[in-house]
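Since the structure comes first, as structure tokens, the remarks are kept for the end.
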Amino acid sequence: MNTNGDTPNNNDKIVENDARSDFVRDIVKEDLKTNKFDGRVVTRFPPEPNGYLHIGHAKAINLNFGIAQEFGGKFHLRFDDTNPTKEETEYVESITNDVRWLGADWGDNLFYASDYFDQMHAYAVDLIKKGKAYVCDCPHSEVSKMRGTLTAPGTPCPHRDRSIDENLDLFDRMHKGEFPDGSKTLRAKIDLSSPNINMRDPIMYRILHASHHRTGDKWCIYPMYDWAHGIEDSIEKITHSICTLEFENHRPLYDWFLDELGVYHPQQIEFARLNLTYTVMSKRKLLELVKGKFVSGWDDPRMPTISGMRRRGYTPQAIRNFCKRIGVNKFNSTVDFQLLEYFVREDLNKNAPRVMGVLNPLKVVITNYPDGQTEELDAVNNPEDPSAGTRKVPFSKVLYIEQDDFMENPPKKFFRLSPGKEVRLRYAYFITCTDVIKDANGEIIELHCTYDPATRGGDAPDGRKVKATLHWVSADHALDAELRLYEHLFSKPNPNEVEEGHDYKENLNPNSLTVLKNCKIEPSVKNAPIETRYQFERQGYFSIDPDSTPGNLVFNRIATLKDTWAKIQTAETTR
RNA sequence: UGGCCUGUAGUUCAAUUGGCAGAACGUCUGACUCUGGAUCAGAAGGUUCUAGGUUCGAUUCCUAGCAGGCCAGCCA
């Protein structure tokens with residue numbers, strides 16, 4: 001289940017203790033008790049391959065796969081590929097990758113709605129023979145007009161009472177390709193005065209002379225969602241067909257088709273989709289961000305897509321824990337992004353090896369350290385995990401520290417380095433700042449410090465204390481790296497909240513990406529593969545981007561560490 | 001203005017189905033610390049949408065109202 005070799009014990013225990021029921025699981029339990037489905041549990045995740053998966057889909061995958069797992073059932077992955085004009089193989093591939101990466105295992109149960117097209121066609125003929133479906137010649141505009149409105153009932157069209165033979169003949173000719181796109185549809189004959197508009201003779205088949213990514217040109221009529229979905233579930237003997245809230249109004253239709261067909265009938269259950277602050281979750285908008293180049297692609301680390309989060313460095317375990325925690329409900333809600341980050345940090349804190357990296361280097365010369373000397377100092381790989389061991393870090397006369405870790409005129413609460421002050425270099429020595437070197441513009445370009453040889457390793461034999469411990473790298477040994485720092489993609493908690501006539505894209509955060517080019521990282525990360533995750537001590541969690549090469553290291557910042565100093569600072573400035 | 005669904009700390013969810021409204025995240029204190037990280041301890045935070053009703057007792061059941069979501073694609 002884990003991708004980064006983390007020990008499963010801790011996380012699993014948390015998940016276990018956190019395990020909770022929800023209304024969907026309650027229904028499954030009840031059905032098991034009453035033996036409604038002969039003790040079987042079969043769930044499915046049915047994505048349409050018309051875009052990449054996002055964190056909202058992770059919630060659905062987790063729910064469906066989780067239920068199958070917990071109740072000893074089966075989990076199917078099924079592509080709902082009933083609309084050839086929008087679907088592509090690229091999406092099929094990305095979706096299978098993402099579902100697998102998230103840890104959901106469908107075994108042999110990978111299906112495609114398009115594999116059932118023949119059966120659907122046969123069922124449609126059955127319905128026509130029962131007098132429950134008819135071919136309608138009305139143009140698009142006419143159909144919607146005659147469907148009525150929310151408050152007014154629909155009116156029957158002239159074709160509603162065609163004979164069964166005529167319908168059979170017409171549907172056959174639709175199938176054979178005798179009619180152009182949009183000229184005819186097959187409709188279910190239900191109830192034009194139903195207060196539920198979905199029941200007002202919904203369209204089952206439309207004519208689409210389009211090539212399908214799997215069936216090619218075999219078909220020129222394609223089934224609509226409502227007609228197709230229940231049949232797909234029925235064929236696969238799904239027990240609990242879990243979908244999102246907007247399909248609630250479609251359940252009567254789902255039930256009607258299956259009842260009229262007299263076939264195996266799963267239970268449809270609807271839950272609320274996930275919303276997250278500072279991002280958008282609609283496929284349409286995500287597509288727009290990609291196509292409009294507002295992001296670098298579907299896997300841009302700022303995107304809420306699974307591939308984006310993966311590239312960013314989020315772990316599947318963190319996403320799973322998050323999904324578990326947010327639960328499942330029937331009312332719309334928006335989860336605070338901080339909750340997701342909490343689970344990311346929780347997982348990474350336990351599993352990510354520590355390393356020292358300087359984002360904005362400030363040169364430090366240890367004036368009393370011998371020229372040309374190098375020492376190898378012991379550093380702990382992960383204080384949260386003793387089994388992670390230690391490593392050697394080179395130390396020499398010229399170092400880099402973080403610019404933020406020095407202030408020439410520090411305020412009271414600043415206890416890092418400043419003139420005359422002593423601090424500890426992590427795992428190395430205590431140093432004291434003696435001189436500040438500036439350029440012609442008065443910019444600080446270099447610090448001169450002295451070190452205390454007696455404090456080697458980071459402890460003073462005389463017991464003297466320092467207030468701060470800084471990270472550092474040796475100038476001669478450090479690796480150059482590019483760091484990509486991310487903030488929220490949008491600057492508003494709800495990006496969709498815009499003034500009349502404005503667009504959500506105006507809420508895009510102009511500072512969502514900051515690229516740092518001259519970062520210095522300790523040499524131990526040299527040959528780490530792509531997607532390796534580290535904690536850069538005192539800075540945050542970073543992962544190696546696919547753009548990274550041995551000569552040009554590229555890291556993505558997954559998340560910052562909690563920073564109480566930053567909090568103090570903002571508290572001061574906003575006062 | 002039709003129908004369906006939903007309202008519990010700032011946020012996301014619980015409450016053994018009618019029995020003292022809890023947790024996590026967030027916020028704020030404090031302790032500890034070779035990461036201003038992590039960890040630990042504590043605090044604040046509620047008219048359970050509102051009003052009636054049933055009941056010894058209602059977040060839970062009933063009625064009415066209010067608020068929000070979804071539905072008039074040959075999308076899913």
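Throughout, a chain's letter reflects where its sequence line sits, starting with A, and its residues are numbered from 1. In this text, all values refer to a predicted model and were calculated from it rather than measured experimentally.
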For [X], report the nucleic acid contact type (base, sugar-phosphate, nothing); a contact means any heavy atom under 4.0 Å.
{"X": "F23(A)", "result": "nothing"}
{"X": "C138(A)", "result": "base"}
{"X": "E48(A)", "result": "sugar-phosphate"}
{"X": "Y222(A)", "result": "nothing"}
{"X": "L339(A)", "result": "sugar-phosphate"}
{"X": "V466(A)", "result": "nothing"}
{"X": "F331(A)", "result": "sugar-phosphate"}
{"X": "P84(A)", "result": "nothing"}
{"X": "I203(A)", "result": "base"}

- prompt: Hey, is E178(A) close enough to R173(A) for a salt bridge, meaning N to O under 4.0 Å?
  reply: yes

At less than 3.5 Å, do the side-chain atoms of [X] and the base atoms of [N] form a donor-acceptor pair?
{"X": "Q535(A)", "N": "U35(B)", "value": "yes"}
{"X": "N249(A)", "N": "C70(B)", "value": "yes"}
{"X": "E248(A)", "N": "G3(B)", "value": "no"}
{"X": "R325(A)", "N": "A23(B)", "value": "yes"}

Does H140(A) stack onto the base of C74(B), taking stacking as ring centres under 5.5 Å apart and planes under 30° apart? yes

Q: Kindly state whether the pair W565(A) / G36(B) counts as stacked, where counting means centroids closer than 5.5 Å and planes tilted less than 30° apart.
A: yes

Practice prompt. Determine the interplanar angle of the H488(A) and F337(A) rings, folded into 0 to 90°, and report it as parallel if under 30°, tilted if 30 to 60°, perpendicular if over 60°.
Written response: perpendicular

Quiz item: Using the ring of each side chain (for Trp, its six-membered ring), is F536(A) parallel, tilted or perpendicular to F555(A), with breaks at 30° and 60°?
Solution: perpendicular

Expressed as a whole number of angstroms, how long is the span from [X]:[atom1] to [N]:[atom2]?
{"X": "L192(A)", "N": "G2(B)", "atom1": "CG", "atom2": "P", "answer": "21 Å"}
{"X": "N382(A)", "N": "U35(B)", "atom1": "CG", "atom2": "P", "answer": "13 Å"}
{"X": "I231(A)", "N": "A76(B)", "atom1": "CD1", "atom2": "P", "answer": "13 Å"}
{"X": "I269(A)", "N": "C4(B)", "atom1": "CD1", "atom2": "P", "answer": "20 Å"}
{"X": "K29(A)", "N": "U16(B)", "atom1": "NZ", "atom2": "C1'", "answer": "11 Å"}

Nearest to the side chain of [X] - [options]?
{"X": "P383(A)", "options": "A72(B), U12(B), G37(B)", "value": "G37(B)"}
{"X": "K567(A)", "options": "G37(B), A72(B), U27(B)", "value": "U27(B)"}
{"X": "K330(A)", "options": "U6(B), C70(B), G2(B)", "value": "U6(B)"}
{"X": "L561(A)", "options": "G36(B), C75(B), G37(B)", "value": "G37(B)"}
{"X": "N349(A)", "options": "G36(B), A38(B), A72(B)", "value": "A38(B)"}
{"X": "R538(A)", "options": "U6(B), U35(B), G73(B)", "value": "U35(B)"}
{"X": "S144(A)", "options": "G2(B), C13(B), G73(B)", "value": "G73(B)"}
{"X": "I197(A)", "options": "A72(B), A38(B), A76(B)", "value": "A72(B)"}
{"X": "D26(A)", "options": "U17(B), C13(B), A38(B)", "value": "U17(B)"}
{"X": "R206(A)", "options": "G7(B), G73(B), A76(B)", "value": "A76(B)"}

Using atom types as modelled and distance alone, determine if a side-chain donor or acceptor of [X] lies under 3.5 Å from a backbone N or O of [Y].
{"X": "R162(A)", "Y": "N167(A)", "value": "no"}
{"X": "K189(A)", "Y": "R160(A)", "value": "yes"}
{"X": "R200(A)", "Y": "S194(A)", "value": "yes"}
{"X": "Q539(A)", "Y": "L561(A)", "value": "no"}
{"X": "D81(A)", "Y": "S114(A)", "value": "yes"}

Paired to U17(B) by Watson-Crick or G-U wobble criteria (both distances under 3.5 Å) is none

Looking at [N], I'd like to know if its phosphate oxygens (OP1 or OP2) sit under 4.0 Å from a side-chain N or O belonging to [X].
{"X": "Y342(A)", "N": "C25(B)", "answer": "yes"}
{"X": "K467(A)", "N": "G36(B)", "answer": "no"}
{"X": "N329(A)", "N": "A14(B)", "answer": "yes"}
{"X": "T564(A)", "N": "G37(B)", "answer": "yes"}
{"X": "T82(A)", "N": "A76(B)", "answer": "yes"}

Classified by glycosidic angle (syn within 90° of 0, else anti), G73(B) comes out syn

With syn defined as a glycosidic angle within 90 degrees of 0 and anti as anything else, the base of U27(B) is anti

By nearest-heavy-atom nucleotide on RNA chain B, the more 5' of P46(A) and R426(A) is R426(A)

